[in-house]
Amino acid sequence: MEFKEIESKWQKKWEDAKIGVPERNENKPKFFLIWAYATVSGFQHTGHMRGYSYADAIARFKRMTGHNVLLCAGGHATGNGAIAKANKLAKKDAAMVEELKSRGVTDEQIEKMSDVDEFINFFAKNYVKDYQSFGFVGDWQRFMLTTTPDYNKFIEWQFKKLNEKELIIQKPYFANCCVVDGPVAVDPSEMDLSKGGTAEQTDCTLIKLDYGKEQGISQYIVVATLRPETMYGQTNVWLDYDIEYVKIKIKPNNGKEEIWIASSEFADKIKYQIDEVKVIGKIKGSELTGNYCYAPSVDREIIILPSKFCDPNIGTGIVTSVPSDAPADYIGLHDLQVSEELCKKYNLDFEAIKNIKPIPIIKSKGYGDFPAIEICNRLGIKSQADKEKLEEAKKEIYKIGFHTGVMHDNAGPFAGMKVTEAKDKMKEHLIQLGHADKFIDLSEEVVCRCGNPVRVMRRDNAWFIKYSDEEWTQKSIKYLDEMELYPDAMKENFSSAVDWFSDRACAREGNWLGTKLPFDKNYTVEAISDSTLYPIYYMVSKYVNEGLIKPEQLTEEFFDYVFLERGTKEEVANKTELDVQLVDKVQKDVAYWYPLDINLGGKEHRTVHFPPFLLNHTALLPKKFWPKGIFVNFWVMQAPNQKLSKSKGGAQPIPGVSEKYSVDGMRLYYANAASPFADIYFEEESLLNYKAKIEKLNSFVDEILSKELSSSQGKMDAWFESSFNSSLKRAKDAMEINDFKTTSNEIYFNMNKLFTTYFAREGNNKSLVQEYLPKWIQTMGLFTPHIAEELNEKVNKFFENKETLVANTSWPKVKEDKINKEIEVSIELIGEIKKDIKDILVLAKIESPNEIKIIISPTWKYDFFKLFKEILEETQNPKDIISKVMTTNLKQYSKDVMRLIPACLKDRSKIPFVLLGDKKEEELVNSFKEDIEQEFKCKVIVTTAKDFDHPKSGNASPGKPAILVE
RNA sequence: GCGGGGGUAGCAAAGUCUGGUCAAAUGCGCAGGACUUAAGAUCCUGUCUCUUAGUGAGUUCGUGGGUUCGAAUCCCUCCCCCCGCACCA
């Protein structure tokens, strides 16, 4: 099959027919959906297409069920991703140029793309092309970008409104910042970074150990710790003998000038968090070794000792030693205590070292006073060189200590307190006494895209959106009950995400793409914060894109009127010089299309994008405009546990894969391979199977059309109509709740099977085929729209119907009156009989039977099952059931009844689903007598248990006649 | 740590909310058959174990308990896997 040809043929027809470009029509129910827009910084991949194809299937279904459907998309370019990549192109970055070229981008185009705007526009266009090539039908005329002047006006308005509601606040913030470029996003996508995307901020406590005075100023050895609660167990200090440390003149938060001794790396970090930091001198580790400093908490002098595990890049490069609870500390001490030689090398008093004893501080579950010693013994850790085991030991002790630990008696005011509680209290306590300070470090080295290091910086007046506002949060959480959230788990999930979502730094200093904060032009609104309320802007972008509205006309009054109905259209028209009818039109569009019915996005949006999306709506718009639904789709994985990602490679270009697997094949794969709420692996074999399925559908329809059909009815007709309508109903019901897997199962496998069975059993009614074949094909319009149109065209021609587009038709109506479970069961029953005969022939080793007797069940069994089913409605208790049955005239069969009841209770499948009755069953089997005779090439006699006295007759049961082969 | 999701037959994956037609849909794979000169494709049948002239029995849905006449489904224990955690749609 020429997939490519078929795809573009129908895509063009849909476009020409303006299927995706709806007109406002107040008499028709609307459905407005979007997918969360993608960052414009590279090609889209198969993961994006998964979610989008769900959105398109929903849109097509809603369109076919009488809705006016608006599906829109846009592109997000806020931040510096595009800038960085455009710059790379300007520098002729070989890898990137090569990547673009490999996807058919011309040299000329690449040249142009070193300009950021060109870069963004290129990909934006590319995205729309991808959507179209995947058969998504939407209103692409409304496509918008977050970096255009009109969008900026919208965001300015949004922030003015937030400010009006007093939801914008300023406070200090510790941001991850490039030392040159300012704030960056530290996250695994590494959009802003060249290294360190998985780094996290770690909250350290700096402990200051008194080390005399220098120039009359107090001097401290400064150590960084994550476990301030263990300070009562300090026995010594560790540093690296061979490293040169620095003396830092600093004015920490207590306002007094001090001198800190720490690594020079630390000096470089702390200057971004504490003002007035100056390196005034150097001091070697060897010069400090063996000296004493005064430790708070333990209130005495402790010795400074050398070790190999002090990394100048972590913390201050100096650590305090708590050998009772820190395995490395214990082992470090142990190494020295067993080696006089080593002590001598460092010029240490061996006896003094040997006298250092761990101090018990925490009692943890399953451990004694010295967990570190226990675990080192258990894991067989012998020296500092056992780095891996030490790490494991540290984690284990930290974990168990944190969760189960209780502070020992020697922990001053914290004695008896749980570690979870003592940790923060101890920290505050030490800070208050001036013995400690805060410091935020990064867990690994982070390097900006520009090549400069990323540091944690304190920003004093950072702008925040006050998502912590209790009333606002509660109002929004309460509203979740009225929303449709997919999957179900989102209901639980999402309210905690909304609750958890606290104040968000919403703007960055520096030169970024995006919108300048209206009340502080040094700040640019950050990427999450300018993509929350945007679905409503699709109502405006249409007219901007058409050139009917200029960005400067998008004034506060304009948005106030069209979104909030504040003021009058005349005033707005006057002030903006817009046509009053246009202002009116935009307002009416908003009133018609809003709220958004579905916002669809990948699972990564659950905690970062969707909460503020909802929160901004509830804060700024009237309740009637709050979003109605969120749909979260899961990922396409490259290999186990590896998400597809633009930056990490592995994702294949859309045009390439769609050619290889066909668009319909891929869309069917997405719909049918798994629930939308499970990650799937992109498996070639599977995809090719689905592609083959599309081809089979095509040849199956050809085959049907080539059949000689008759104008008379057949005995399979009623069955087919009933089964098809049942299936259609299941498909529709499932689609109403976005259960794509069930819907696609019905359409592509079950309905397919119904047709094959129908023809296999000599169904050949032309008018039936003429009615149902097109219906079946229409249902394919949701997931495999191209082949659906192709088949529809073919079938219309064949039956000389008028031309239609599946995309324009109504979803086939379920003919409830045709659904007849008795008839469906009947055909199954005949099938069962045939299967039983086959089994018997094999088991009895009869090759060509002379005669087959089919014996219909005794009449009383029908009565029994009828009664039994009635009783089951009332009671499930075996005793009650038996006594009830025995009060009827069935008691004459008490022996059989007593056997049947327990068996049927145990295995409910023994109870016939539908009871035909003996007369009907006999008639039915008789009507298929010839059919069976033909199949087994022998005489068939249909009789009843009453008329045929034979041991087998007693075995017959309703829906399961006895069979005797001779 | 905080928050969330999940473990189902050879594989993938429904079923779990609303307990009983669940030995468990569907697809793939595999086996046999039909068609074909043949292969492929397609179609039919089978695919937990045992048994049997079919409508029979047993053991299964991560582990171990419990509730119930009845549990893949409800409750508890434990084990394992995955995801999000903030200036990254």
Side-chain angles (χ1 to χ4, degrees), chain A residues 35-40 74-76 78-79 81 146 173 175-176 183-192 197 200 399 402-403 420 462 487-490 492-493 496-497 499-508 526-529 531 534 601-609 613 634-635 641 643 672-675 677-681 683 685-686 689-690 692-693 695-696 699-700 703 739 741-742 744-745 748-750 756 760 832 835-846 872 876-879 905-913 952 955-957 959-965:
Chain A
W35 53 73
Y37 48 28
T39 302
V40 187
H76 190 263
T78 306
T146 60
Y173 180 67
N176 299 320
V184 290
V186 174
D187 71 87
S189 74
E190 297 190 339
M191 200 65 86
D192 293 352
E200 286 174 26
K399 205 168 153 186
F402 185 75
H403 289 110
T420 43
D488 278 344
M490 260 296 269
E492 181 93 4
N493 207 333
S496 47
D499 201 23
W500 162 84
F501 210 88
S502 61
D503 297 347
R504 168 111 192 167
C506 62
R508 305 160 144 189
E526 145 299 319
I528 300 287
S529 303
S531 53
Y534 71 94
K603 69 176 180 180
E604 69 278 19
H605 296 312
R606 283 181 299 192
T607 48
V608 180
H609 169 63
F613 154 73
F634 281 40
W635 291 338
N641 309 329
K643 186 194 164 189
N672 192 255
S675 141
F677 319 120
D679 292 336
I680 52 174
Y681 300 117
E683 284 177 330
E685 194 190 332
S686 236
N689 273 325
Y690 281 105
K693 177 73 192 174
E695 294 189 301
K696 281 183 220 172
S699 53
F700 182 50
E703 194 190 312
D739 180 353
K741 188 170 163 88
T742 298
S744 56
N745 250 351
Y748 296 92
F749 298 99
N750 194 25
T756 4
E832 284 298 303
K835 185 182 148 276
D836 286 344
I837 296 172
K838 270 186 207 160
D839 285 349
I840 292 168
L841 292 178
V842 172
L843 284 166
K845 300 193 176 71
I846 300 171
L872 277 180
Q876 307 268 345
N877 189 313
K879 277 183 191 161
L905 278 177
K906 186 165 176 259
D907 178 4
R908 309 268 167 143
S909 67
K910 290 200 176 85
I911 307 166
F913 191 44
K952 285 271 174 214
N955 290 342
S957 157
K960 197 82 194 169
I963 295 161
L964 193 64
V965 182

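Under 3.5 Å, the side chain of A:S699 and the base of B:rA41 form no donor-acceptor pair of N or O atoms.
For A:A673, the side-chain contact (heavy atoms from CB on, under 4.5 Å) partners two or more places apart in sequence, or in a different chain, are A:Y669, A:Y690. A:D499 is linked by a side-chain contact (heavy atoms from CB on, under 4.5 Å) to A:T473, A:Q474, A:I477, counting only residues two or more places apart in sequence or in another chain. Every salt bridge (Lys or Arg N to Asp or Glu O under 4.0 Å) that A:D836 has, sequence neighbours left out, goes to A:K960. The salt bridge (Lys or Arg N to Asp or Glu O under 4.0 Å) search around A:K952 returns none, not counting sequence neighbours. Partners of A:K910 under the salt bridge (Lys or Arg N to Asp or Glu O under 4.0 Å) rule, at least two apart in sequence or in another chain, are A:D907. Residues passing the ring pair (Phe, Tyr, Trp, His ring centres under 6.0 Å) test with A:Y37 are A:H76, A:Y534, sequence neighbours excluded. Judged as a side-chain hydrogen bond (donor to acceptor under 3.5 Å, both in side chains), and not counting sequence neighbours, A:N689 has no contacts.
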Sub-3.5 Å pairs of nitrogen or oxygen atoms, protein against nucleotides 4-11 of chain B:
from	atom 1	to	atom 2	distance (Å)
B:rG4	O2'	A:N493	ND2	3.0

With 3.5 Å as the limit, what N/O pairs link the protein to nucleotides 27-36 of chain B?
from	atom 1	to	atom 2	distance (Å)
B:rC28	O2'	A:E685	OE2	3.3

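Within 4.0 Å (heavy atoms only), A:A462 reaches no atom of the nucleic acid at all. Within 4.0 Å (heavy atoms only), A:H605 reaches at least one base atom of the nucleic acid. As judged by a 4.0 angstrom heavy-atom cut-off over every strand, A:K910 is placed among residues touching the sugar-phosphate backbone only. Among the atoms of the strands shown, only primed sugar atoms or phosphate atoms (P, OP1, OP2) are found under 4.0 Å from some heavy atom of A:T607.
If you check B:rC85, B:rC83, B:rC69 against the side chain of A:K603, the one that comes closest is B:rC83. Considering only side-chain atoms of A:K835, the nucleotide from B:rG46, B:rU55, B:rC85 that sits closest is B:rG46. Picking from B:rC69, B:rC83, B:rA13 the nucleotide with the shortest atom distance to the side chain of A:A674 gives B:rA13.
Along RNA chain B, the nucleotide nearest A:A505 and the nucleotide nearest A:I680 are compared for position; the residue whose nucleotide lies closer to the 5' end is A:I680. Nearest-nucleotide assignment on RNA chain B puts the 5′-proximal partner with A:D488, out of A:P961 and A:D488.
The closest donor-acceptor contact from the side chain of A:D679 to the backbone of A:F634 lies at 3.5 Å or more, if one exists at all.
Using a 4.5 Å cut-off on side-chain heavy atoms (C-beta onward), A:L872 and A:R908 make contact.
Nucleotides B:rG65 and B:rG15, compared at atom P, are 28 Å apart to the nearest Å.
With both pairing distances under 3.5 Å, B:rG40 is matched to nothing as a Watson-Crick or G-U wobble pair. For B:rC30, the paired base is B:rG46 (Watson-Crick or G-U wobble, both distances below 3.5 Å). For B:rA25, there is no paired nucleotide, since no Watson-Crick or G-U wobble pair has both relevant distances below 3.5 Å. Remark: B:rA71 base-pairs with no nucleotide in the shown strands. Criterion, Watson-Crick or G-U wobble with two distances under 3.5 Å.
Going from atom CG of A:D836 over to atom C1' of B:rU45 covers 14 Å, rounded to whole Å. In this structure, A:L841 atom CG and B:rU45 atom P are separated by 16 Å, rounded to whole Å.
The distance from the CZ atom of A:F613 to the OG atom of A:S531 is 11.0 Å, given to the nearest 0.5 Å.
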